[in-house]
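Counting starts at 1 for both ligands and their atoms, following the listed order.
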Amino acid sequence: MELKEIGEFGFIERFAPDFKALLSGKVLGIGDDCAILPMNETSDLLVTTDMLIEDVHFLRDKIRPWQLGYKSVAVNLSDIAAMGGTPLGTFLSIAVPPGVDVEYLDEFMKGYHDISEKYATPLYGGDTTKSVKHLAINVCAIGKCPKGKVKLRRNAQSGDLICVTGNLGDSAGGLQTMLKKMDPSADVEYLLQRHNLPEPCIKEGQILLGFSGVHAMMDISDGIASDLMHILKASKKAARIDLENLPLSEPLKRICATQNWSPDELAVGGGEDYELVFTVAPEQLHELQKEFKWQFGKTVYPIGKIEEGKPAIEWYKNGQKVVFSKAGFNHFQE
Ligand SMILES: [Mg+2]
């Protein structure tokens, strides 16, 4: 059987229960953005790892080595942010093919260093090896969070509002402009920047951690359509999303209008935005929006609601039901 027949998560489900049986009671293993291990009286340790493979996750001639180094750390710190944690450091393993020279690696490590400095996350160690053809990068990040306070995927409650911390679809839009080799413009540059240099929502996650009404949280790496399903499956809940409420940037809207792309499809299916998606009790939304406005000069965006039911997402556009598939959105047909 080919892996593609069951997918990444089908593969994980085949072995995860056997490993869960090996865990002590106080450890959270496979199944959330980070593993959680007891650290001391007040804090838990967070551990996560993420891999970037050439031609799968990036095209070497389309991203500068400095950006790739920065992004390799950013996508890992995003998983620490998803738990409301504080990042502590990283490990880097890298497999280098012929043609990637020392000057390239120096630039890569400069980007890696710049984000490490920004978030005070030293590189603690790792491994370097050769690769036959592709550049492969694996980062493991560790962090900490107050004991017992993390927002797990499994705690979404019926009636919770589903919110995101920022614009969706920019990264996917940036990828499209790259693949279509679009001429540079301010809008194209903005989207490329969002694709090549995501910023982990560390501070946002920490603030969300302080709100008791925030029940479930994760980061958006694969797109809402896929990521929200993890929350729904873990919480055994359903969801309704109102597409007209998705926050979209002006550059994305303008490029989509000129290219005849669907911003909804990019926002929902594209991924790599590295914003946070979370569920919150409706009565705390206003307070949370006020706090975000004060801290960041931006708001959080309610895009839908958690409901009772089997894990599934119902999509609505201006009150009308639509279906989302690999081919995009279609009007729902009974
Ligand atoms: Mg994640």
**OP:** Start with the C-alpha distance between Lys144 and Asp44, add both sets of side-chain angles, then the distance that settles side-chain contact (heavy atoms from CB on, under 4.5 Å), and finish with yes or no.
**Re:** CA-CA 6 Å; Lys144 64 173 182 177; Asp44 282 330; over 6 Å; no

**OP:** Indicate yes or no for a side-chain donor-acceptor contact from Thr48 to the backbone of Asp33 under 3.5 Å, with no hydrogens or angles considered.
**Re:**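 It does hold such a pair.
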
**OP:** Please check if the side chain of Asp273 supplies one atom and the backbone of Ser171 the other of a donor-acceptor pair under 3.5 Å.
**Re:**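 Here the side-chain-to-backbone pair exists.
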
Of all the N, O or S atoms in [X], which one sits nearest to the Mg ion (ligand 1)?
X	value
Asp33	OD2
Asp79	OD1
Asp219	OD1

**OP:** Ignoring hydrogens and angles, state whether a donor on the side chain of Ser212 or Gln284 is under 3.5 Å from an acceptor on the partner side chain.
**Re:**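 A donor-acceptor contact under 3.5 Å links the two side chains.
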
Original post:
With a cut-off of 2.8 Å, does any N, O or S atom of Asp227 fall short of it relative to the Mg ion (ligand 1)?
Top reply: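 For Asp227, the answer is no, given that no N, O or S atom comes within less than 2.8 Å of the Mg ion (ligand 1).
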
